Amino acid sequence: MADPKGFLTTGREVAETRPVAERVRDWNEVYVPGSLLPIISKQAGRCMDCGIPFCHNGCPLGNLIPEWNDYAYRENWQAASERLHATNNFPEFTGRLCPAPCESACVLGISQPAVTIKNVEVSIIDKAWDTGDVKPQPPERLSGRTVAVIGSGPAGLAAAQQLTRAGHTVVVYERADRIGGLLRYGIPEFKMEKRHVNRRIEQMRAEGTKFRTGIEIGRDLTATDLRKRFDAVVIAAGATTARDLPVQGRELNGIHQAMEYLPLSNKVVEGDFVTPPITAEGKHVVVIGGGDTGADCVGTAHRQGAASVTQLEIMPRPGEERSTGQPWPTFPMLYKVTSAHEEGGERVYSVSTTHFEGDADGNVRSLHLVEVEFVDGRPAPKPGTERAIPAQLVTLAMGFTGTDVENGLVTQFGLALDERGNIARDADFATNVDGVYVAGDAGRGQSLIVWAIAEGRSAARGVDRYLTGASELPAPIRPTDRALTV
């Protein structure tokens, strides 16, 4: 156990953020560099080392949280890193991007603020990189078997690393110009600087994983060609079909999907543009959608110098405390103030967009909305509440409906889909096509980064067993597992 009295004597402290006026002028991460290390050992000491650690259930990776909390408390960073990597290929990603369902399931959280598990995690891995404890782990021998991984997001990278370390020759195909999937182009730099992705890619290259960018399977390379070249295929292409808003005026200029808007700012940081083709500079910006992607649009608009930013959400404003209908240890829907929201803007709940209005040149200039109330679980407009707000740039951040079927990948492989439009798979993550597996959002639907990495690890075990007849790779989840929610 860490500190036996830590949860009684130490209060919760989290990472310190840089002043708003400073951070909105750059794209660096919002946290003060090095601010965690002086406090993190005591924070890890708040862990109670519970007899039944429910944090394990909250995290689909099955992270050994009490173990690495104990090591962090004792400042045995090398051992902490080893236990962290035992269940998670990329803790620097989850430590920055995961909403931390483990903390919602923390036993201490029943009566006190939960352990800062996420902060401890990122402190351990950052320390490990600084001290050189993160090294390539190439296989001792090669199996002679080849695997193609389609998609380089967290699920694809996790599957690729596991299979490479098992001795298979793995090639990752990515349709974008750089490796990383949504980690690269869906997550703004201020949430995770891309140097963290880059050094993991270099580690994987040193282990033997090969990467091919600018190749879209289904268009640039057919499924038939891929199956001829490889003994097995892992589809980790994500759920990239964005939910649209089919209302009057949708065709106006200045209305974009979030994933049309966000990647361009990342490309500015990469040096591809001086000014992005779509920018919020000097404009009244409206973000439709109240989730994390919407918050990313809000933070990006602030850094581009928007005149105003308004975020719309059709659902009512969540409470700030757990409701009786969302008991511990489930993951509750709570009112969150992200770093982007700290930077300004207005958040409007219980509203629905009725139509857009444009100017003479076909550019959007206003958004018309109406307040809604829920009747039998469905939103109904409240008469007399219609109003218009200025909107010169609108981003749609309403989630995703499934994997891309227009590029031919699904039809060329002959893949079966489930009732939700995701690629169907069995208990081993295998599709209906022999030797073809699916991991991540392409099979699960839109989900969290921890579920993506867990799926990649589990699918890798299925592939390894298919290729060799047995596997010692871990499989933390089954395809049917779901988050701990009500």
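Nothing fancy with the numbering, it's 1 onward along the sequence. Given the structure is predicted, the values throughout are model-derived calculations rather than measurements.
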>> Arg478 vs Asp428, test: salt bridge (charged side-chain N to carboxylate O under 4.0 Å, His left out). Steps then yes/no.
In response: CA-CA 8 Å; Arg478 299 165 297 181; Asp428 279 337; over 6 Å; no
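- The main-chain N or O of Arg243 is found under 3.5 Å from a side-chain atom of Gln257 such that the two form a donor-acceptor pair.
- Using a distance-only test at 3.5 Å, with no hydrogens or angles considered, a donor-acceptor pair links the side chain of Arg420 to the main chain of Arg444.
- Between Arg184 and Asp177 there is no salt bridge, since no side-chain N of the basic residue sits under 4.0 Å from a carboxylate O of the acidic one.
- More than 12 heavy atoms of other residues, nucleotides or ligands lie within 6.0 Å of CG in Leu8, so this atom counts as buried by the packing criterion.
- Although no hydrogens or angles enter the test, the distance criterion places no donor-acceptor pair under 3.5 Å between the side chain of Thr330 and the main chain of Pro332.
- If you check the side chains of Glu357 and His368, you find a donor sitting under 3.5 Å from an acceptor.
- With Gln392 contributing its side chain and His284 its backbone, the two residues share a donor-acceptor pair below 3.5 Å.
- For Arg18, the side chain to side chain contact (heavy atoms under 4.5 Å, CB included) test picks out Glu22, Arg23, Asp26, Asn28, Val32, with sequence neighbours left out.
- At distances below 3.5 Å, at least one donor-acceptor pair connects side-chain atoms of Ser265 with backbone N or O atoms of Leu262.
- Applying the salt bridge (Lys or Arg N to Asp or Glu O under 4.0 Å) criterion to Glu174, with sequence neighbours excluded, gives no partner residue.
- Looking only at distances, no side-chain donor or acceptor of Thr403 sits under 3.5 Å from a matching main-chain atom of Ala442.
- For the residue pair Asn407 / Glu216, a side-chain donor-acceptor distance below 3.5 Å is found, with atom types taken as modelled.
- One finds no salt bridge joining Lys336 and Glu320 here, because no Lys/Arg side-chain nitrogen approaches an Asp/Glu carboxylate oxygen to under 4.0 Å.
- Under the 3.5 Å distance criterion, with hydrogens and angles disregarded, a donor-acceptor pair is assigned to the side chains of His196 and Glu29.
- Under a 3.5 Å cut-off, the side chain of Asp49 and the backbone N or O of Pro66 do not form any donor-acceptor pair.
- Tyr185 and Glu270 share no donor-acceptor pair across their side chains, judged by distance under 3.5 Å alone.
- Phe90 meets the ring-ring contact (aromatic ring centres under 6.0 Å, His included) test with Phe93; sequence neighbours excluded.
- Between the Trp27 side chain and the Val269 main chain, no donor and acceptor come within less than 3.5 Å of each other.
- Although no hydrogens or angles enter the test, the distance criterion places a donor-acceptor pair under 3.5 Å between the side chain of Gln311 and the main chain of Gly289.
- Between Lys382 and Glu371 there is a salt bridge, since at least one side-chain N of the basic residue sits less than 4.0 Å from a carboxylate O of the acidic one.
- When only modelled atom types and interatomic distance are considered, Asp434 and Tyr466 share a side-chain donor-acceptor pair under 3.5 Å.
- At a cut-off of 3.5 Å, with distance as the only test, a side-chain donor of Thr94 or Asn88 sits close to an acceptor on the other residue.
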>> Under the criterion salt bridge (charged side-chain N to carboxylate O under 4.0 Å, His left out), I'd like the reasoning laid out for Glu189 against Arg303: C-alpha separation, chi angles, the key distance, then a yes or no.
In response: CA-CA 11 Å; Glu189 192 86 359; Arg303 283 158 180 77; over 6 Å; no
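- Glu321 CD: 12 or fewer foreign heavy atoms inside a 6.0 Å radius.
- Heavy-atom contacts from other residues, nucleotides or ligands closer than 6.0 Å to CE of Met333 number 12 or fewer.
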> Hey, mind stepping through Phe374 and Met315 against side chain to side chain contact (heavy atoms under 4.5 Å, CB included) and telling me if it holds?
Replying inline: CA-CA 9 Å; Phe374 281 78; Met315 301 298 292; 3.4 Å; yes
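- Asp404 and Thr241 form no side-chain donor-acceptor contact under 3.5 Å, judged by distance and modelled atom types alone.
- With sequence neighbours excluded, the residues satisfying side chain to side chain contact (heavy atoms under 4.5 Å, CB included) with Ala44 are Asn69, Ala72, Tyr73, Val120.
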>> Determine whether Arg425 and Glu455 satisfy the following criterion, salt bridge (charged side-chain N to carboxylate O under 4.0 Å, His left out), listing intermediate values before the conclusion.
In response: CA-CA 12 Å; Arg425 64 266 185 92; Glu455 289 236 346; 2.7 Å; yes
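- Counting non-hydrogen atoms of neighbouring residues, nucleotides and ligands closer than 6.0 angstrom, the CD atom of Glu386 exceeds 12 such neighbours.
- At a cut-off of 3.5 Å, with distance as the only test, no side-chain donor of Thr10 or Gln43 sits close to an acceptor on the other residue.
- With sequence neighbours left out, the salt bridge (Lys or Arg N to Asp or Glu O under 4.0 Å) criterion links Arg46 to no other residue.
- Legend: residues meeting salt bridge (Lys or Arg N to Asp or Glu O under 4.0 Å) with Asp296, ordered by chain and number and at least two apart, are Lys191.
- Within the 3.5 Å criterion, the main-chain N or O of Val20 finds no donor-acceptor partner in the side chain of Glu343.
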